[in-house]
Structure formats: C-alpha cells, structure tokens
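Working notes for the structure below.
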Amino acid sequence: MNVLDKGINALFMDPEPDNARQFFAKKSRAMTDKRMNEKDAVERFIPDGCYLAIGGFGANRIATAVIHEILRARRKNLGFFGHTSTHDFQLLCAGQCIDRVDIAYIIGLEARGLSPNARRVMESGEVQVCEWTNYALAARLKAAAEGVSFAIVRCMLGTDTFKMSAARVIECPFTGKKYAAVPAVWPDVAIIHVHHADIYGNCQIRGISIADLELARAAKHVIITAERLIDNTAIRMRPTQTVIPFYLVDAVIEVPFGSYPGNMPYLYYSDEDHLAQWLTVEKDPQEFKKFLDHYIYGVSSFEQYLERCGGLAKLKQLQKLETLVDS
Amino acid sequence: MNVLDKGINALFMDPEPDNARQFFAKKSRAMTDKRMNEKDAVERFIPDGCYLAIGGFGANRIATAVIHEILRARRKNLGFFGHTSTHDFQLLCAGQCIDRVDIAYIIGLEARGLSPNARRVMESGEVQVCEWTNYALAARLKAAAEGVSFAIVRCMLGTDTFKMSAARVIECPFTGKKYAAVPAVWPDVAIIHVHHADIYGNCQIRGISIADLELARAAKHVIITAERLIDNTAIRMRPTQTVIPFYLVDAVIEVPFGSYPGNMPYLYYSDEDHLAQWLTVEKDPQEFKKFLDHYIYGVSSFEQYLERCGGLAKLKQLQKLETLVDS
Amino acid sequence: MTREYNKVEMMICASSRYLEDGKTVAVGTGAPCATAMLAQKTASPNLVILFEAGGLAPALPQMPISVGDSRTFFRGIMAAGMVEMMTTCCRGLVDYAFLGGAQIDKYGNINSTVIGNYKKPKVRFPGSGGANDFASFCWRTLIMTVHSKSRFVEKVDFVTTAGFLTGPGAREEAGLPLGTGPYKIITDLAVLGFDEKTKTMLIESVHPGVEVATVKQETGFELIVPDFIRKTPPPTDTELRILRGEVDPLRLIIGRS
Amino acid sequence: MTREYNKVEMMICASSRYLEDGKTVAVGTGAPCATAMLAQKTASPNLVILFEAGGLAPALPQMPISVGDSRTFFRGIMAAGMVEMMTTCCRGLVDYAFLGGAQIDKYGNINSTVIGNYKKPKVRFPGSGGANDFASFCWRTLIMTVHSKSRFVEKVDFVTTAGFLTGPGAREEAGLPLGTGPYKIITDLAVLGFDEKTKTMLIESVHPGVEVATVKQETGFELIVPDFIRKTPPPTDTELRILRGEVDPLRLIIGRS
C-alpha cells in the first residue's frame, strides 16, 4: 500500500482486526444478569493503564456515576478517547487519571467556556496527545465496529490536525482520490449512559445517539448505566428500538439522574450552576481540592453526590428546565 | 495505490464522489409536498436505461406498486442492484426491463424455490452481470452514503465471486492486512416501501431496515411508497424514529398493502399462494403472458391488482397470518 | 423400538447438536434455520440466532419463509439491518455460519452461482447472497447438503463461498479472517470434517445404516477415511417430536426428503 | 432614529443574511447557532440546521448550550448520530458550515488548537471538534470572529481547519472535496471575502462607522482592498427585536460584547 503522507504522532491502540477478533471470540454471548454496582464495574473492567471511552457528548447523556468511581478508585495512566469530551474530561483531569489522549475536543465546555484545570493539565506536557477531529474519531470507532483496521475520510487533509495525528494519506484504488485513512480503535472499555436497559444489557436510547452505537460495538468491554431498568419482555416488544444488544455489554447499573450534572433528553436539563461552579473553583487549587473532596472523594455513592448538589428539589427544577418532554 | 488483484467484470456506475457531490449540490433541500402517483413518479424519475435499486428484502417490505408501474411503462435497459432480490427481480425479468445487474442474490425466492423465467433470462446471456455478496453490496451503498468512493470488506476474498466482480484487493496502510475494496454505488433511483411517511418524505420503518437506510442516502433520487401518510407533527414528536429525512426524498406515494404479495412486518404476511402461482405459471410462456396481462398489464392501478388477487378478503387473511403484531 | 425418520430429519438432528448453548449462529434460509430452531428447543435454549437482513434472537413462532420476513424478529432482541448483522460477524462475535450449497469440493469451497461455464452457464443459481459473507466472517462454517457425486466434486465450477480454498494457508493468504473456515459438512449419509494438516475433507461419522463405502462412492473426490469412524447417533424421540411438532409442523423442510 | 446595537449583534445580523431560505447549514456552538436561529425567524424559515451530535432541523425553543443538548432536536425532523450528520455533509448535501475560531490567516485557515509551539504550547484550546469536518465537507464555510491583529495573522500557529491552505489548488491537491472552501468571514468591523484568483482575503464591506483603514490596521496580513467597498447594512429593527426577544433573551451571546 502506498502511503502518501503520514501523521507524526504515535498510535495508542493496536488496529489489528484479527487481534480484536481473538478477544471477541472469547467474550461470552450468554444472556445473564449483569447487574452490579459502580465499584465492582470499575474494579473489574477499568484497571490502571487501560484505554477508556465515554459515551454521550461532553455534558449530555454521560455516565457520571462511573466516572466519579474512577476518581475515587484513584485510577492512573488511563488512555482516553476525547471526542467532544467536556465535563467528563474535566472530571478525569481533576482526578489526574489520564496520561494519553486522542483529541478532537477537550478542555472546553462549549458555550460555557474552558476548564482552567483541564487546560493546566494539557499545557503541562504530562499527557501524551494525538490530534483528530470528531468525525475522524467516530470513523475510527466505526471501523472497529465493522471489524476492519481502518476507515477512509475526507476531513483532516492538508492541515496540522492531520500532521499531529496518526492518520495516513492513501489513494482510492478506483478513482485515485486521496483520503485520510484513520486506524480502527477498539477501546478497552466504554461507559455509556442510556435511558432503558434490561438486566442483560439490551439498551434503548431516546434522541440523538452521537457516536455511542459505534462505541458500544468497538469497545472490548461495555459498562452501561441506565436511568431505568426495564423487563426483557419490554425489549422484545420493541426490537426496532434496541440499539445496543446484550452480548456487547459486561455490566448494567441502574442510576437514575445518572447524567447529572449533564443533560438527559426527555428527562432533565443540565445543571448550569453546578457546571459554572466547577469553572470558577478550578482557578484556585486550594478551593478546587476542597470542592472535589466535598462532591466526589468525600461521598460514597452517586445518590449522596446528588444530595450534596441539592437533592430532589434541584432535580425537580432540572426536570422543569427540560423542554423536550413526552407528548 | 497498489492494487494486488482485481475482479474482471465491468463497473456499471461511476464511483467518483465529487461527481455525486455535484449532483447533491443541486438537489433541493426544500420541505415541499412531494405527493404524486406511481405513474408520475416513474415518468419523472425512472427513465429507460437508468440504474435502479429496490428497498426491502426480496419479498419483504417491497414497493410493488412502483415496480408494476415500471412494467406498464415498458421501461427498458435498466441497470439493477440485485441484493437479495426475489419477487422484485422476478417482476423486472417478467417485464424484460433490465440489461445489466450487480448480483448478490437473484433468480431465487429463498425457501420457495427458483423463478423459471428469471433463470431463463439470466441463462440467455442478454443481461450483463457483475458478482458481489449481500454485504459487499450493502458496503457499496454505505460508501456512497458516506460520500467516499470505496469501502473495505473482508468477504469475497479468494473466491470466484471476487474474480467475477469489479472489486480490487488492497492492503491496510497500518497493518498490511488485505481487503477487498468495493466501489461506492450511487443508484440513479431507489424505490423504498415504508410504514409511515409525511408528505415531505420523512419516513419511519418498523422492524428490520435491511440496507434501506444506506440505500436512501446513496440514491440520487428516492421514491417512497408508504402504508400510511402521517402528519409532520407526528414525525417531530418522535424524531428518534425518523430513518429517512425529507431532503433525500423526491416522491411520496401512499400505498396501503403496498408490499403485497410480500410481507409487511406488523401488518400482513406474504401471500404464498400468489407467489407459488408465479413459480408455476412461469414454466409455460403462453400461460405466463396471460397471467401478466391479467395481473399487471391489464390493470390500471395497484388497488385493481389487489382486487384481482382476492381483494379485502384475501388481505384480511394475510393480516391474520402476520404473527408479529402490536402489543 | 425402531424409530422411523427420513434423510432430512437425520441431517437436521445431527446438525443441531453442533449448535451449542450460549453460542451465536448466522443462518440461511430453510433447513439451517429449522436446525437452529431445533437446537434452541432441545439442548441450546440460549443459542442466539442472527439473520442477515437484521433479525436478532427472535422467539421464532414458526419457520421463516425468508431470512428477512417478520418472523425473524418476532419478539426478537433487536430488529436492525444487514450492515449491523454482517459487521457483528466480521468483528468475531459469531461462532457459527450455517449454510447450504449446490456443489462442494474437498476443501469445503461452495458453489451456489453457476453450473457449467460462467459466461454461458448450464444452470444459473442465485449467487452468494450472504453465504460468502457468513463463511468469510464467522468462526466455524457448518454446511448441510445432500450427498451425491454431482454435488461433492473434485473442483467446483465456481467458488462462490470460500472453504479452505486451495489448502493450508490459502484463506490467510487471501486475507480472510484468521482461524476461520469450514467445520462440519452434514449430509444425508455422514458427517464430514477436515484434516488439520491438509485441510481436506474426512469422514467423521456415518449415519445409522450407512456404509463407509457408500459415502466414498457418492463423493467425487478422494475422502480421507480415518481408521476409526464413529456412527452418527440417530435422531432421538425428543428431537423428532419437537422437529415435527414444533419446528416444521407443515413439513415444509422435512417433507422434501 | 439611530438604532443602538453592539458588535456581537452587528456580527450576528450581518451573518444571518448569508443563510438563505431552503438551504442547509451545519452550525457550531454559540454565536453561529444564534445566527442560524435569527435567519430562521427572519428571511429563511426553511433553513435546515444540522448539529454534529445528531440533531436535525429542530424547532429550537431556546439557544442550545451544547450542540449535543436536547434542544438541538426539540421537535426536530430527526435525532440521529454524528456519523449520520457528518456523512450528510460529506455527500454534498450541506450548503454552509458556520464556525468560530481563535486565529485565522489570509487563506482562511483556522486555528483552534494551540497558541505557540505545539509541543510546548502557550495556550491549549479544545482542538477541532467538528470544525475541521464541517469546513472540509460543506460547500461554503462562514466564519464569525472578532477582528484583531492577534487573531488575523500572517501564519496561524496551527492549521486546525482547512481554509484555502497555501493558495489556489491546494485544497484539491490535499484531497478535500472539490468546490469547497471558506466563503465569508464576518467580524465586528467588516465582512471579508476571498479573491477568486489568489484565494486570499479581501474586504467586501465595512460595518457602519468603520473605516477601511481600521480594518487594515487590525489585520496582521496584507488584505486585498478593492476599489469599491460596500457598507454593511446595519441590523434592522426587526432583526434586533427578534435577536433580543426570541433568540437570546438571556443575552448569553449578545451580552458578551
């Protein structure tokens, strides 16, 4: 294969599909009860040094409970898949959990501004980086989900984003057209928050799916947090709505309000006050440490975190702010 | 690009994405009322010689009404995208409408047996052929839907199916792994039967989608037949269920029982008697001609065809045979 | 008691025992589908069945006539599409492909495209459909076919679907996923496997009442005949009762014998 | 009557006029989204807005805070995913990309990655997100940014997103889709376009009260100054009323001026 140009950064993960197949050959297809708590899920599926991806879109439909548990378990040297990662990335930076990151969008919280601490971490040089775009990263997951070692995209070409990536320029064997070939990525583990799941891991998502369907298929292990567990019969009555089938899933955790302080479509809007507080408190390392102790390290469960954030009164208020509700 | 091996058959369609983009640049994105009848749709979007693809899976969720109209309009020299085409292919052979076909599965009607007439046509040498597999054809649509000129697959390799295709073997720029590169195909027109559509062409499908989502995105023109038209408000209340957005669609036709004699999930099962009759009558050219005159050429509408097939009584019976119904 | 059963019933029952509980299988139309249903209703209730058109793990109420009809996702886990199903296979998540075929050679290559010359065929068949895909992607391919010299040939007229191609290393060299290939051929006479070294067909077991000589005679190429050849256990009462009563009460498949 | 308006209001109103009715636009967070909302509520009710996370053509009830929040598909036509949105752009179905940026050069290349050396950056920004994708795929890229010498630079520190790269033919040579590229840059001082031949930036119109000399002075590279430079029409009463009353009543965007 003629490679016309290549990005100079190092690839964090093996793009060899036959190695991934070897893993999936052994993964159980049994439809067993996969319920467990966040602690056990992190203990079993997120060891130090593994490569992690988080579903949703920054502060929308994110699996906050498991991320908090990663911090409490003091995980270190994680690799991270950073496609529009906002509050999730901010959390992992707060916990000093990561040492390498594939970047499309980090540090920022979109219209809310930039995270001072995440920025500090990324400017420190402590974290190894590789640049991509949101679509390039989605395409890398898609390639893995399709069981092949690369995908071709028409973005990145001609830019420094390409130069600082690990992509390669190839030509179409039919048209001679140039493409950026992006390598498949099979994350070691993905955490995805969904609306409904049964105890086996069959999942339904309402609204946009972002890159989560590709992610669930690419990841070697999948941890699901769900707003609500539903019966398998309910899944089987609406098979068109199943977007993640059970055999991809390793752990199922019921976490109502699990995307808090992020938005969960049809259920509750993001807590902008809490997210703004993060951006303020991060400016002062002393204050920030206290803040993290109070909200994350000093609590033993996600429920307790929700209590400290304002409990039911706050959650009811966020439900009211969600304009997207059922007809 | 090093091409290690290539299939010897000719490509029927141009895989150049920038040519397809030129077409799509000019395609209207206006949300206008696209209702018309089968006659007008065939007149406007299916000229002699164009390359046609049909949604569904052979005798499941097919757009029979438009196919009949193609026969009545005496369309000739059509190219055809033959991925598990059963009754639809049989119809086009009956009408002598096609002169070239990309093949994955033709002639057969699955467990029902083979079509004597379609077989005669394909053994006659009148039709130019190119071999593929079902996934290879789906991947060709997917590449087009993604706006690129090829996709890579791990099927076809090493076989005569590859030799008699227009695929090419290339190597992965990261792993050296071999792949069959399959060229994108942008059909001139696709006909897809769905459960619900609004007048603008926003569509919902219940149950399996086969390769129709890729097809709707790949085709330059899309004709939708729908069991039922629904209001745009209903689409907007359930945007998660929209699988084909309006800007892909050129024509919307409401055709209740539109997949008859095929199966329509949740609504009616296939008419096995009628399909068996086809296989019998095809053996005798004389009888076959009479049969076609009676059921297709001699009727002026799909309703009239349904009447001749047994009308409401027959349709009620097929509704009863459908085990998959709403809870 | 002597049980009465026909050849198709024998093939289906023998095949179904290879579909272990908790495994995944991609099936084609007809007998393979009936076999998977039988397996589910006997030893393998948690066998996950995939259909190429998008149906996943249905509670099959009746035999589908098409691998894309509504029965293939009746109370299923998921109703998806072809790309979903095929990529699931390509990712290495599907243990078995279960296919039929018109012609087969000693390397397990299957022809379902043409008999005779490709350009001027004596008989044109449907083509690959999803067979080539399944046999390329799934870990082990099971093939059910009637045993005769015209089907078991030295060289198939057209390799629609890859077996071991030209022998050891050929699949890998072609680029097919590592560690895949044909596993068992279940005919109305015998169960055939493959020799680890030569990748050519051998007799594993002969069905009740069948002589090894007959199997050799009905095969158009040299079969490996090991010293020890098992007898295929006949269909059990339970298997036959379920096959006839629940899987194929209309005898659409088993009536073809 | 003299209308009062601030710089952000001027930029948004001027930009919104480029978003024609019946066209498609892919928008980023913040001001671009507010602009598309304003266009919809004024001259372009049938403007189709796409969000990279999957939202399509919503009846935006309020400004989204995130391009992935639930407002982006409130009463939308479709709630899909990122691949769907990006491939729709790549297929050539999306007319406009509408972006912001930290630095821009005369060829319209955008930097949103780092200021300073890449390995030891003075400032690290979020990176491309979907900006590089949109600007690669969509037919015309609109960019809204504040006008200053530190932003309009001879050479951006990092080309995050492709403009015309190094000049005529460079996009095509790199493999980007033919016929695409930056279209207009809307700043708080002027609207800038590109010279057909050199693919470098020129002044198209200056905003009310702005001197051409000021635009040149605030630009860190040589701008093409045509003989005839139009005046950008100021925001109309209707535009301002809708922008302030319906699009951004909380002044999240327009309050930043």
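Numbered from 1 within each chain, the chains take letters A, B, ... in sequence-line order.
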For [X], which atoms come within 4.5 Å of any heavy atom of chain B: side chain, backbone, both, or neither?
X: Ala166(A); answer: backbone
X: Leu324(A); answer: neither
X: Val182(A); answer: backbone
X: Lys142(A); answer: side chain
X: Ala234(A); answer: neither

*What closest approach, in Å, do Asn202(A) and Met31(A) show between heavy atoms, and which atom pair accounts for it?*
ND2-SD, 4.5 Å
*asked:* Below 30° counts as parallel, above 60° as perpendicular, anything between as tilted: where do the rings of Phe150(A) and Tyr179(B) land?
replied: perpendicular
*In terms of ring plane angle, is the pair Tyr268(A) and Phe257(A) parallel, tilted or perpendicular, where the classes change at 30° and 60°?*
tilted
*asked:* Per the salt bridge (Lys or Arg N to Asp or Glu O under 4.0 Å) rule, what does the pair list look like for residues 132-141 of chain A, sequence neighbours excluded?
replied: Asp102(A)-Arg140(A)
*Do you know which of Leu4(B), Asp18(B), Ile208(B), Leu11(B) has the most heavy-atom pairs under 4.5 Å to chain A?*
Asp18(B)
*Top of Pro17(B), Ser149(B), Ala184(B) for chain A proximity - count of heavy-atom pairs under 4.5 angstrom*: Ser149(B)
*Under the salt bridge (Lys or Arg N to Asp or Glu O under 4.0 Å) rule, collect the residues that match up with Glu214(A), sequence neighbours excluded.*
none
*Between Gln204(A) and Ala197(A), is there a donor-acceptor pair closer than 3.5 Å when you use the side chain of the first and the backbone of the second?*
no
_Tell me which of these, Pro239(A), Ala143(A), Pro183(A), has more heavy-atom pairs under 4.5 Å with chain B than the rest._
Pro183(A)
